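The shown structure was predicted, so the numbers you read here are calculated from the model rather than taken from an experiment.
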Amino acid sequence: MKKFFSATIVAMMAITATAQTKSDTLTVCTSPEMHCANCEKKIKQNIRFVKGTKKIETSVPNQTVTIVYDGTKGKYEDYAAAFKKIGYDIKKAEPKKETEKKK
């Protein structure tokens, strides 16, 4: 019985450790700017292959690409190189400031 509980605890710890991978978020602007659905499609189809990429969201109206990735597997330089291969340069987007509420 003691071996069963020990094995169960070890298995639970292993599952918990793998489930807690840290996700980082990177929001970038592209140059040249995205202007259509084909630009979005090109970015999504190619950037998803960068190691650690979990999710990609594009916004033509805001001219941003938001990437959720595993920070232990990928980094900004990896994404910059991947964008360069498909003809884009990137820079980190400035976070939007909330407008102050009027009193």
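Follow the hydrophobic side-chain contacts under 4.5 Å out from I90 and you reach I86 in the same cluster.
Shown here for D24 and G71, the closest heavy-atom pair between the two residues is OD2-CA, 3.0 Å. Listed here is the closest heavy atom pair of K91 and Y76: CA-OH, 3.6 Å. Across all non-hydrogen atoms, the minimal contact from G87 to P32 is O-CD, 3.5 Å. In terms of heavy-atom proximity, S59 sits nearest to M34 at O-CE, 3.6 Å. Heavy atoms only, all atoms of each residue included: T53 and V50 are closest at OG1-O, 2.8 Å.
Residues K85 and N46 are not in side-chain contact: their nearest non-hydrogen atoms beyond the backbone lie 4.5 Å or more apart. For the pair V28/Y79, no side-chain contact is recorded, criterion being any heavy-atom separation below 4.5 Å from C-beta on. Residues I47 and I67 are in side-chain contact: their nearest non-hydrogen atoms beyond the backbone lie under 4.5 Å apart. Side-chain contact check for S23 versus K54: some heavy-atom pair is nearer than 4.5 Å.
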Please report the C-alpha distance between Y69 and K51 in whole Å, then the side-chain angles of each, then the deciding distance to 0.1 Å, and finally whether the side-chain contact (heavy atoms from CB on, under 4.5 Å) criterion is met. CA-CA 8 Å; Y69 67 100; K51 193 170 186 174; over 6 Å; no
Criterion side-chain contact (heavy atoms from CB on, under 4.5 Å) on T27 and K92, from CA distance to verdict: CA-CA 6 Å; T27 303; K92 291 183 180 179; over 6 Å; no
side-chain contact (heavy atoms from CB on, under 4.5 Å) between L26 and T66, worked out: CA-CA 6 Å; L26 173 66; T66 303; over 6 Å; no
Apply the test side-chain contact (heavy atoms from CB on, under 4.5 Å) to residues I43 and F83: give CA-CA distance (whole Å), side-chain angles for both, the deciding distance (0.1 Å), then the verdict. CA-CA 8 Å; I43 288 169; F83 273 93; 3.8 Å; yes
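Residue K41 places its NZ atom among 12 or fewer non-hydrogen atoms of other residues, nucleotides or ligands, all under 6.0 Å distant.
To the nearest 0.5 Å, the span separating SG on C36 from NZ on K42 amounts to 10.0 Å.
Using a cut-off of 4.0 Å between Lys/Arg side-chain N and Asp/Glu carboxylate O, D89 and K84 are scored as salt-bridged. In this structure, K55 pairs ionically with E57, as a charged nitrogen and a carboxylate oxygen lie closer than 4.0 Å.
For Q63 (side chain) and V60 (main-chain N/O), a donor-acceptor pair under 3.5 Å exists by modelled atom type. Using a distance-only test at 3.5 Å, with no hydrogens or angles considered, a donor-acceptor pair links the side chain of D70 to the main chain of T72.
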